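The structure appears right after this line, and notes come after that.
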Amino acid sequence: MAQIIDGKKVSARVKAEVKKEADVLREKGIEIGLAVVIVGNDPASRVYVNNKKKACEEVGFVSYEYALPEKTTEKELLALVDKLNKDDKVNGILVQLPLPKHINENSIINAIRPEKDVDAFHPENVGHIMIGDFSFLPCTPAGVMELIADTGVDVCGKRCVVIGRSNIVGKPMAMLLLHANGTVTICHSRTKDLAGICSEADILVAAVGKAGFVTSDMIKEGAVVIDVGMNRDENGKLCGDVDFASCADKAGYITPVPGGVGPMTIAMLMKNTLTAAKQKNNIK
Ligand code: NAP
């Protein structure tokens with residue numbers, strides 16, 4: 001039976017570290033602020049935004065929430081981003097995705113000042129991630145790296161397989177594993193012999209968005225299996241991309257859903273916001 005990687009425990013540790021540093025900054029008169037912008041009424045996005053607000057309270061950040069109606073225009077949203085870019089109280093800006101279809105997500109992401117782009121989605125920050133001289137880590141992949149570190153398994157020289165190539169998860173995930181000296185393969189919907197490739201992985205990261213996609217025949221005995229997926233099953237229950245029941249018997253380490261990667265994403269967002277505040281104030 002695999003050891004369960006406890007994302008709640010690891011995220012609590014990361015947030016405690018962030019809080020400690022935030023407390024020191026506050027004593028120096030530096031308040032840390034995160035602005036979260038949500039457009040429309042997507043229930044899942046609402047939950048994420050509320051969780052981010054709660055995390056800000058936990059670590060002692062000031063959170064500024066902007067809940068805009070579905071009919072908000074791109075121009076109006078750009079005006080808000082511009083205002084937040086210029087606001088000294090705001091260290092980090094997060095625009096919750098997805099945005100309504102009439103708003104071009106890239107034009108919004110590109111408008112956020114890179115030094116406040118705590119999601120690390122701006123092309124300038126993506127470039128830094130590619131080069132490896134980044135200050136903002138992409139939140140979900142960075143959270144996955146913390147979870148892998150928690151197992152004690154060293155990525156160096158390991159065969160790593162990432163299923164999914166999105167800009168938010170798959171691609172930056174592969175880069176972080178590569179920076180950690182893993183030998184990385186990225187799989188996607190056109191990959192041939194996906195099961196064969198996955199079954200050779202010492203570290204397998206699933207970011208597909210399909211419930212129960214990874215089955216036990218696709219994993220190597222003793223592998224580290226990280227499930228990024230957040231899906232709803234036929235009963236509306238939250239579940240991942242990995243068929244946990246069968247894979248837990250074969251894997252060495254495995255993340256549950258919920259309680260695995262999800263809490264880490266928010267913890268890493270807090271860490272990035274702290275980094276933004278430290279950079280603004282020239283604190284190492
Ligand atoms: P996405 O943009 O939809 O990307 C999904 C990827 O999976 C694509 O690259 C796609 O390949 C690939 N794929 C789809 N069907 C496949 C198949 N049959 N075989 C192999 N590859 C296949 O999704 P995402 O934004 O990366 O998110 C992935 C999952 O992670 C979702 O469940 C999402 O909710 C979750 N997520 C969780 C967190 C968290 O904090 N836990 C954060 C972000 C996302 P193509 O490129 O070829 O289409």
Side-chain angles (χ1 to χ4, degrees), residues 5-8 10-11 14-15 36 38 42-52 54-55 94-99 101 105-106 109 118-121 126 129 136-148 160-177 184-201 204-215 217-219 225-233 236-244 254-272:
I5 308 172
D6 186 347
K8 283 189 193 155
V10 182
S11 67
V14 172
K15 281 187 283 186
V36 180
I38 179 168
D42 178 49
S45 293
R46 265 266 50 105
V47 172
Y48 300 147
V49 166
N50 285 339
N51 288 343
K52 285 163 189 171
K54 225 174 95 199
L94 183 142
V95 178
Q96 185 65 45
L97 303 180
L99 289 168
K101 296 225 171 350
E105 284 186 357
N106 283 341
I109 290 168
V118 284
D119 252 338
F121 291 164
V126 174
I129 293 161
F136 293 140
L137 295 151
C139 298
T140 301
V144 171
M145 295 305 285
E146 289 279 346
L147 293 177
I148 296 171
C160 307
V161 173
V162 179
I163 321 175
R165 57 172 165 179
S166 70
N167 291 330
I168 295 172
V169 190
K171 283 184 205 162
M173 185 70 250
M175 289 315 302
L176 294 194
L177 289 164
V184 185
T185 303
I186 307 176
C187 297
H188 46 78
S189 66
R190 315 287 171 89
T191 298
K192 294 201 166 61
D193 188 25
L194 182 115
I197 296 168
C198 292
S199 65
E200 289 182 1
L204 179 66
V205 181
V208 190
K210 292 194 167 137
F213 183 83
V214 175
T215 46
D217 56 308
M218 291 166 68
I219 65 169
V225 178
I226 307 282
D227 190 351
V228 180
M230 291 216 316
N231 316 297
R232 296 275 163 194
D233 69 10
K237 203 172 148 237
L238 189 64
C239 65
D241 289 343
V242 175
D243 177 31
F244 185 86
I254 191 165
T255 57
V257 177
V261 176
M264 291 308 299
T265 300
I266 296 180
M268 301 320 283
L269 174 71
M270 297 300 118
K271 195 167 173 175
N272 279 349

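Just follow the structure's listing: the first ligand is 1, and inside any ligand the first atom is 1. Along the sequence shown, residues are numbered consecutively beginning with 1. These figures come from a predicted structure and were not determined experimentally.
Close approach to His188 involves these atoms of ligand 1, each under 4.0 Å from a residue heavy atom: 11 (O), 19 (N), 20 (C), 21 (N), 22 (C), 47 (O). Interface of Leu194 with ligand 1, defined as ligand atoms under 4.0 Å from a residue heavy atom, comprises 20 (C). Counting the atoms of ligand 1 from 1 in the order shown, those under 4.0 Å from a heavy atom of Thr265 are 39 (C), 40 (O). Taking every heavy atom of Asn231 and a limit of under 4.0 angstrom, the matching atoms of ligand 1 come to 32 (O). With ligand atoms numbered from 1 in the order given, ligand 1 contributes 14 (C), 15 (N), 16 (C), 18 (N) to contacts under 4.0 Å with heavy atoms of Lys210. Within the listing of ligand 1, atoms 6 (C), 7 (O), 9 (O) sit less than 4.0 angstrom from a heavy atom of Gly164.
Separation of atoms CG (Leu204) and CE (Met218) is listed at 7.0 Å; rounding is to 0.5 Å. Residue Leu97 holds its CG atom at 11.0 Å from CG of Asn167, rounded to the nearest 0.5 Å. Atom CG of Leu99 and atom CD1 of Ile109 lie 8.0 Å apart (nearest 0.5 Å). Here NZ of Lys52 is found 8.0 Å from OG of Ser45. Values are rounded to the nearest 0.5 Å. Atom OG1 of Thr255 is separated from atom CD1 of Ile226 by 5.0 Å, given to the nearest 0.5 angstrom. Atom CG of Asn51 is separated from atom CG of Leu269 by 11.5 Å, given to the nearest 0.5 angstrom.
Comparing Thr191, Ile266, Val228, Ile226 by heavy-atom distance to atom 36 (N) of ligand 1, the nearest is Val228.
Heavy atoms of Ala207 come nearer than 4.0 angstrom to ligand 1 in at least one pair. Between Gly170 and ligand 1 there is no heavy-atom distance shorter than 4.0 Å.
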Output side-chain donor-acceptor pairs under 3.5 Å for residues 187-198, partner residues at least two apart or in another chain, one line each.
unit_1 : atom_1 : unit_2 : atom_2 : d
His188 : ND1    : Arg190 : N      : 3.2
Thr191 : OG1    : His188 : N      : 2.7
Thr191 : OG1    : His188 : O      : 3.1
Asp193 : OD1    : Gly196 : N      : 3.1

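Contact detail for Gly164 and Ile186: the closest heavy-atom pair is O-CG2, 3.6 Å. The shortest heavy-atom contact between Cys139 and Asp119 is SG-OD1, 4.1 Å.
For atom 42 (C) of ligand 1, the nearest protein heavy atom (residue, atom name, distance) is Thr140 OG1, 3.3 Å. In this structure, atom 13 (N) of ligand 1 lies nearest to the protein heavy atom Val208 CG1, 3.6 Å. For atom 32 (O) of ligand 1, the closest non-hydrogen atom of the protein is Met230 N, 3.0 Å. Of the protein's non-hydrogen atoms, the one nearest atom 29 (C) of ligand 1 is Gly209 N, 3.7 Å. Nearest protein heavy-atom neighbour of atom 8 (C) of ligand 1: Arg165 N, 4.0 Å. Closest protein heavy atom to atom 44 (C) of ligand 1: Val169 CG2, 3.8 Å. Here the protein heavy atom with the shortest distance to atom 11 (O) of ligand 1 is Ser189 N, 3.3 Å. Scanning all protein heavy atoms for the shortest distance to atom 1 (P) of ligand 1 gives Ser166 CB, 4.1 Å.
Between Asp227 and Ile254 there is no side-chain heavy-atom pair separated by less than 4.5 Å. Residues Leu176 and Val144 fail the side-chain proximity criterion, which asks for heavy atoms closer than 4.5 Å. Looking only at side-chain heavy atoms (C-beta outward), Met145 and Leu177 come within less than 4.5 Å of each other.
Considering backbone and side-chain N/O of Val261, none are found under 3.5 Å from N/O of ligand 1.
Contacts between Met264 and ligand 1 below 4.0 angstrom, taking non-hydrogen atoms only, are absent altogether.
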